[in-house]
Amino acid sequence: MKLKQLLKLIFTNITQNKVRTFLTTLGVIVGTATIFLVVAIGQGGEAQVNEQYSKLNVGTIIVMPAQRGRVADPLTKKDAELFLASANIAQAFPLLRGNGTINYNNYSASASFMAVEPEFQTSNNLTAELGRNIDEEDENKKNRVAMVGAELANTLTDGNSSEIVGQNISISGRRFEVIGIYNRVGDSGSGQSYDDAAFVPYSVGEKYLLGTRANPTINVQATSLDTVQAAIADIQSSLDENHRAGGADQFRIMDAGSRLAAAQESARSMSMLLLAVAVVVLIVSGIGIMNVMFVTVKERTKEIGTLKAIGAKKQEILNQFLIEAVIISLVGGVIGVIVGFITVPILRYFELAAIASVSGVLLGLIFSVVTGVFFGFYPAWKAADLSPLEALRYE
Amino acid sequence: MVHREVWAAHRRECNMVEQKKCVIDAANLVKIYQNGSEELKVLDDVSIQVYDGDFMAVLGPSGSGKSTLMNILGCLDIPTAGEYYLDGLNVLTATENELAEIRNRKIGFIFQKFNLLPRLTALQNVMLPLLYRGMDEGEAGELARGKLTLLGLGERLGHRPNELSGGQQQRVAIARAIVGNPELLLADEPTGNLDSKSSEDAMRIFRELNEQGNTIVIITHDVEVADQVKKLVYIRDGKLYENN
Ligand SMILES: Nc1ncnc2c1ncn2[C@@H]1O[C@H](COP(=O)(O)OP(=O)(O)O)[C@@H](O)[C@H]1O
Ligand SMILES: [Mg+2]
């Protein structure tokens, strides 16, 4: 039979058998849309991680106590100075964190505060939007001054943030003069925002806010990305030397690059998990397609017998069913992709990161055609194997 | 295309009787169905010759092996033993594809239940054997339309089988069988599903087709049908008899 005639015959069969075509196509649509959306969600997740960590300098190393709470032999400002002796380290400064009540006039907020050295501000892109930054003089003279994050300033002043500059606030009952408000920086990447915090000079925080409870972390900046590992080794030997009660083992040394890699890795394994779910969905919908096909092949086995009786060759019958399966799964695949494209904005509306992508389209189409053809063609392949008489007699 | 060279090997000169060639030349056909350990001999040493222009009926009661014989003669089934030459070709040594070619070009089937394809129109059904031959749609459509018109279905070309009466469906089936000018028309109980009026019509059509030179073998259990043919043979319990 000529190809053109074969296609016409297939087209007639597809369009004259709407229920069967609909059911089969539905299976393919569901499968394809699932694959497409899984890829979209996976890529959305990865993009989200990358976006979060894009603010984090990958040359940054954070040294912190391995355990929470009180530590017998805490890090000190002295450690930071000792780290600086390493040729691989460009910058090292200690950092204290705490939580407390912050009061201004009648307003009070429960917020976190940080005691920082002036370098902290530059390496975190914090600049004074109003007033001035904390400087070396504040640090050295232990000036009781504070900077507030943009969001916190808003909270404390009920929206009139500028009025707070030059006024006094109290942090955990201690009084500080507000010298400025930082620009907005958004999420810092570690899950918490500097916009909600108050900042005081390191020496001041150590003396007035935390006292003997001071248990700082030290932020270290390697000279370059390539020296991060060497810098970590130097930090370890310095800690071993200066902290007798257990050396470097009492501390955790984390570099941002590995954290980024770990986060990407977990986003990726999430994608793989979703993909596995999608494959299961595809197999299930494939079995659905196969069921429909089996039912219709029963109906059509007699027809296959008739076709053989009037001279159709086995190959011609196989071609007919194969092309039919390819057409149905391609059409279903395309509709599935369209459904996916429509669903992505809906997912985004529910704040689920999802990105439509070419690889999602391709993967969805490939999977749909493979399952559609496999499950659609297999029953026909079995039917075409029958002798003409067996097919005609099929009940 | 038919593989002429391959077929040449299967070919043998067929017996000529009164200058007529022998379309079917089957000898000592046996068909045994294995039912577990039990053997069922459905055809028992059947020999049959059909000559060009014959109009023959095989008459026998239900279960006598009529359909089994017709399926073997129609190359839908193979005998357990015996010899079968169709238009000089050794059917039993032909490959699957060659058999498909034989069914397509040499045989026109007419089934008791018509066996039309339900999603195709009458015209498409009749065109199908020609399309499997590789004929162009235009030419096939022309021939199919001609045959349907000849059988009084010129107004029903676009109808699907479920929009036609039983008699009309059988006429479509006859049109499909004759459209490719086969050497042989085989009809298995062609009137079995028809009312008496339609049966008469169908038999009249067969008679006319035979008058135009078609070779026809009808298988039936209906004595009235058997009365209208030129040559009658009987089948009982898988054996063929010239006389009742
Ligand atoms: N595939 C088969 N397996 C076993 N027995 C069969 C098969 N086909 C037909 N028969 C048996 O062969 C006998 C003849 O069947 P058939 O040729 O259809 O008879 P008829 O057409 O004369 O009614 C019946 O007894 C039937 O049961
Ligand atoms: Mg029968």
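Below, chains carry the letters A, B, ... as their sequence lines are ordered, and counting in each starts from 1.
- Under a cut-off of 6.0 angstrom, the local environment of NE2 in His159(B) is crowded, with over 12 non-hydrogen atoms contributed by other residues, nucleotides or ligands.
- Of the residues listed (Glu98(B), Glu101(B), Glu96(B)), the one engaging Lys313(A) in a salt bridge (charged side-chain N to carboxylate O under 4.0 Å, His left out) is Glu101(B), and it is the only one.
- Here Pro388(A) is the residue among Ala391(A), Pro388(A), Gly305(A), Ser387(A) with the most heavy-atom pairs under 4.5 Å with chain B.
- In this structure, a donor-acceptor pair under 3.5 Å is present between the side chains of Asp52(B) and Thr215(B).
- The candidate from Lys2(A), Lys8(A), Gln16(A), Lys302(A) with the greatest count of non-hydrogen atom pairs under 4.5 Å with chain B is Gln16(A).
- With respect to chain B, the highest number of heavy-atom pairs below 4.5 Å among Leu9(A), Thr306(A), Thr15(A), Thr12(A) belongs to Thr306(A).
- Taking OH of Tyr33(B) as the reference point, atom CG of Leu40(B) lies at 9.0 Å (rounded to 0.5 Å).
- In this structure, the portion of Arg160(B) lying under 4.5 Å from any heavy atom of chain A is its side chain and not its backbone.
- Atom CD of Glu142(B) is surrounded by 12 or fewer heavy atoms from other residues, nucleotides or ligands within 6.0 Å.
- Contact check for Val344(A) versus Phe36(A): side-chain heavy atoms found under the 4.5 Å cut-off.
- A donor atom on one side chain and an acceptor atom on the other are not found under 3.5 Å apart for Ser198(B) and Gln168(B).
- Contact annotation for Met127(B): neither backbone nor side-chain heavy atoms come within less than 4.5 Å of a heavy atom of chain A.
- In this structure, chain B has a heavy atom under 4.5 Å from the side chain of Glu316(A), while its backbone stays farther away.
- Neither the backbone nor the side chain of Pro182(B) has a heavy atom closer than 4.5 Å to any heavy atom of chain A.
- The number of heavy atoms from other shown groups lying within 6.0 Å of CD (Gln34(B)) is above 12.
- Using a 4.5 Å cut-off between heavy atoms, Leu6(A) makes no contact with chain B at all.
- For a residue to count as touching a neighbouring chain, one of its non-hydrogen atoms must lie under 4.5 Å from one of that chain's; by this rule Asn115(B) touches chain A with backbone and side chain alike.
- The candidate with the highest count of non-hydrogen atom pairs below 4.5 Å against chain A, out of Glu137(B), Arg119(B), Arg103(B), is Arg119(B).
- Between chain B and the residues Lys314(A), Gln315(A), Lys308(A), the largest count of heavy-atom pairs under 4.5 Å involves Lys308(A).
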